[in-house]
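Worth saying up front: this structure is predicted, and the values here are computed from it rather than measured.
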Amino acid sequence: MLRQPADGHCLCHSLGTGLQSFGIGVSGLTLRREICAFLISQADATYGDSNTWKQWILHEAETTVEKYCASMRHSSDWGGNLTSAYGSF
C-alpha cells in the first residue's frame with residue numbers, strides 16, 4: 001500500500017503509480033490533464049459497447065465533454081468510473 005497525496009487527485013496518482021511499472025513516470029495532475037486531452041480528441045470514438053465517450057459523459061455526468069474536461073482538468077473533483085475507464089486507454 002502506498003500513501004497518496006491528499007490533493008484530490010488520488011485516483012490519478014494511483015493510476016500513475018501503476019504506470020511506473022511500465023517505465024512511465026507521471027504525476028496525478030499531469031495524468032488528469034492528459035486524460036482530459038484524450039477525451040476531447042477522442043470524444044466521438046467508440047469503446048467496448050459501441051457508445052462514444054461523448055455519450056457516456058453525457059449519461060454519467062450530464063454535461064458535455066468540453067465542460068466535463070474543463071472542470072476535471074484543473075480541479076480536485078473526484079474521479080470515478082469515467083476516470084478509471086478512459087485512464088485505461
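Listed here is the closest heavy atom pair of Thr63 and Lys67: OG1-CB, 3.3 Å. Residues Arg73 and Ile40 come closest through the heavy atom pair NH2-CD1, 2.9 Å. For Lys54 against Asp44, the heavy-atom pair with the smallest separation is NZ-OD1, 2.8 Å. Cys36 and Cys69 get closest at one heavy-atom pair: O-SG, 3.6 Å.
The line from CG of Leu19 to CG of Leu31 is 6.0 Å long, rounded to the nearest 0.5 Å. Note that the OG1 atom of Thr52 and the CG atom of Leu58 stand 9.0 Å from one another [nearest 0.5 Å]. Residue Leu15 holds its CG atom at 12.0 Å from CD of Glu34, rounded to the nearest 0.5 Å. To the nearest 0.5 Å, the span separating CD1 on Ile24 from OG1 on Thr17 amounts to 12.5 Å.
Residues passing the side-chain contact (heavy atoms from CB on, under 4.5 Å) test with Ala37, sequence neighbours excluded: none.
At distances below 3.5 Å, at least one donor-acceptor pair connects side-chain atoms of Arg32 with backbone N or O atoms of Met72.
Taking the side chain as every heavy atom from C-beta outward, Tyr68 and Leu39 approach each other to under 4.5 Å.
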